[in-house]
Amino acid sequence: MIHNLKKRYVLDISTGICHDLDHIRKNCQLKELKSHHIFNADSLDEEIKRHPAYKIKCKYCMPHHDYD
């Protein structure tokens with residue numbers, strides 16, 4: 001499922017957690033993410049953070065110092 005995505009960022013719209021596919025970790029548990037809960041985008045600031053479901057960045061694949 002996740003391997004078919006073409007854009008860098010994934011927002012789990014059921015939880016509001018954003019993931020970076022370039023830095024995925026085992027703890028992200030993206031294999032459990034259902035396709036209808038995925039919003040996939042190239043831009044963190046312009047698309048993901050503006051999505052109404054967005055809440056937080058994943059603490060495993062998006063450490064604060066790299067994305068703030």
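Positions are given from 1, in the same order as the sequence printed here.
- How far CG of Leu33 is from OG of Ser14: 6.5 Å, rounded to the nearest 0.5 Å.
- Separating the CD atom in Gln29 from the CG atom in Asn27 is a distance of 7.0 Å, to the nearest 0.5 Å.
- Interatomic distance, Asn40 CG to Leu11 CG, rounded to the nearest 0.5 Å: 10.0 Å.
- Ile48 approaches Phe39 most closely through the heavy-atom pair CD1-CD2, 3.7 Å.
- Checked by atom type and distance alone, the side chain of His19 never pairs as donor or acceptor with a backbone atom of Leu21 at under 3.5 Å.
- The SG atom of Cys58 sits 7.0 Å away from the CD1 atom of Ile24 when rounded to the nearest 0.5 Å.
- Summarising the geometry of Met62 relative to Cys18, their closest heavy-atom pair is SD-O, 3.2 Å, with the distance given to 0.1 Å.
- Taking a 4.5 Å side-chain heavy-atom cut-off between Ile, Leu, Val, Met, Phe, Trp and Tyr, the cluster of Ile17 extends to Ile56.
- Going from atom NE2 of His51 over to atom CD of Glu46 covers 15.0 Å, rounded to the nearest 0.5 Å.
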*Could you walk me through whether Ile38 and Ile13 pass side-chain contact (heavy atoms from CB on, under 4.5 Å), step by step?*
CA-CA 6 Å; Ile38 292 175; Ile13 60 173; over 6 Å; no
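- Checked by atom type, the side-chain pair Ser43/Asp45 shows no donor-acceptor distance below 3.5 Å.
- In this view, Asp20 and Arg8 satisfy the salt bridge (charged side-chain N to carboxylate O under 4.0 Å, His left out) rule, not counting sequence neighbours.
- Contact of the Lys55 side chain with the Thr15 side chain is not registered, since no non-hydrogen atoms from C-beta on lie closer than 4.5 Å.
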